[in-house]
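Working notes, beginning with the structure itself.
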There are 2 protein chains.
Amino acid sequence: MPLLQEEYLQNISYDSVIFGFSGEKLKILVLEYHNMKTFALPGGFVKVNEPLDEAVKRGLSERTGLDEIYLEQFHTFGSMDRFSPAVMRKMLLEQGYDYEDHWFFGRFITVGYYALINYENVVPKPDELSDSIKWYDYDQLPKLMMDHAEIVEKALDHLRSNLDHKLLSFNLLPERFTMKELQQVYEAILGETQNRANFQRKMLSLNILERHEKLFLGGSHKAPFLYSFKK
Amino acid sequence: MPLLQEEYLQNISYDSVIFGFSGEKLKILVLEYHNMKTFALPGGFVKVNEPLDEAVKRGLSERTGLDEIYLEQFHTFGSMDRFSPAVMRKMLLEQGYDYEDHWFFGRFITVGYYALINYENVVPKPDELSDSIKWYDYDQLPKLMMDHAEIVEKALDHLRSNLDHKLLSFNLLPERFTMKELQQVYEAILGETQNRANFQRKMLSLNILERHEKLFLGGSHKAPFLYSFKK
DNA sequence: TACTATTGTTTCACAAAGAAACAATAATTC
DNA sequence: GAATTATTGTTTCTTTGTGAAACAATAGTA
């Protein structure tokens, strides 16, 4: 068993809600445990000599291959219904490890983080306990284990209420994007349509966008500008 | 030693930033450890069978005698500089406990909560490790141990940015208060003056206040209404 | 060259916010 | 008991921001 008690802090874990965006839909990375039809958020543990933030970055980087990702902590979950030793034991059994008792079966208080990443840049990798990790549309998530659905809800709440302040750190879009694409991201996250003219006015007035050459091979109509976030 | 390892989750603690308000000043509860000139936020640990939120409520109630307090989690701190076994050992030594090693000396990830309470209702009680617990003006805090100053900063940030949504849950004022007192609370928290007329208009338009009889033994001028929050 | 779809901008109506003036009144002073 | 004073509650005016619609520009298509 690779997870040795001595290496990790006990009773602490983290779970991450990784948002991506494709076309018009907000997506979330969800993994499935071996043969169990059990779906969960990607999470992990904190090493004894490792800052919490670093642990989360490490886990995310292992799963997505991405570094330098915008990560934000949003809430810590510590209720008693996050405690189901039987499920955890079954999970290890499927992996071929049969433990009567294991620190893994204990109670964990979990720190929730979310990340915003560019969907197209990522080929997610499952870890040793899970056999798949896939993008799911936010509105078509499978039933998640324990309180993970609540964790997703709270992550999105937090993201919605802080959207404007977080623009600069966005990784949901490619380096350069059109105003329409930016608006679609907003609409996907907020779950409601925005007025086009006012959206443009607001974004421009925030003074965080740089306008570039037009470059559009699209349809038979006026070509949009491309924008990037100011550094 | 009363803190038995078996009873508590390991590597996890909480710290609470307890805001009070008196006159014009925002205040915070700070405790001092025995003979150590070490100041810290009141905190504690989570029992094995206790939800995190309950643990914090329990600790707060033990220290202030208050129940039914508005408590909000705002951030979890997990950096490596929250790890100073020597200081913790010295603290226990002062108490008469000499341990070579103790789970107390370990590394803790701490969950930060803040509370808003009515300054006048509280006579704070020190716990067994501390010899005093007192109110300090926010702008005259003593030097706090480890990262506790950062915890206070972050609590206030969080409070400021969510002030309007939180009015109903306020406990900073007595049951009935004048509009001026309410404004003073806002100004103390936000750290800036508010326009009187607009403040009144805004508060009334929120439709969360109940206006009561005038009752004022104050100065030689028009008497203010008293208000309370609608239930 | 006219047409079409989409983008960028402007205009107009309306709501919200900030500052100042006005009105009301409880205690004090003469 | 009338004038005074300090403070409170409200109104008015101006400025700013927001939402909806109209207008203008233009890359490709017919």
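Side-chain atoms are counted along with the backbone in the values below, which use heavy atoms only and exclude waters and symmetry mates. So that the names make sense, note that chain A is the first sequence line, chain B the second, and so on, each numbered from 1.
With a 6.0 Å radius and a threshold of 12 heavy atoms from other residues, nucleotides or ligands, B:K27 has its NZ atom above the threshold.
With respect to the salt-bridge test (charged N to carboxylate O, under 4.0 angstrom), the residues B:E50 and B:R58 qualify.
For an aromatic pair to be called close, the ring centres must be under 6.0 Å apart, and A:Y186 with A:F199 satisfies this.
Protein atom CZ of B:F177 is 15 Å distant from nucleotide atom P of D:dT8, rounded to whole Å. Between the CD atom of B:Q183 and the C1' atom of C:dG18 there is a distance of 13 Å, rounded to whole Å. Counting to the nearest Å, the C1' atom of D:dT8 and the CG atom of B:L182 are 15 Å from each other. One atom, NZ of A:K222, and another, P of D:dT26, lie 6 Å apart when rounded to the nearest Å. Atom-to-atom, CG of A:L209 to C1' of C:dT7 comes out at 16 Å; the value is rounded to the nearest Å.
When every heavy atom of B:L29 is checked against every heavy atom of B:P124, the shortest pair comes out as CD2-CG, 3.6 Å. Minimum interatomic distance between B:L41 and B:H148 (heavy atoms only, all atoms of both residues): N-ND1, 3.0 Å.
For the pair B:R211 and B:F225, the distance from NZ or CZ to the six-membered ring centre is under 6.0 Å and the angle to the ring normal is within 45 degrees.
An angle of 20°, rounded to 10°, separates the two end axes of the helix from C:dT1-D:dA30 to C:dC30-D:dG1, each defined over five pairs.
Ring-plane geometry between B:Y114 and B:Y70 is classed as perpendicular, the angle between the planes exceeding 60 degrees on a 0 to 90 degree scale with a lower cut at 30. Note: A:F108 and A:F45 have tilted aromatic rings, judged against thresholds of 30 and 60 degrees for the angle between ring planes.
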I'd like to compare against my own output: the B/S/- annotation of nucleotides 10-23 of chain D with a strict under-4.0 Å heavy-atom distance to protein.
BBB------BBB--
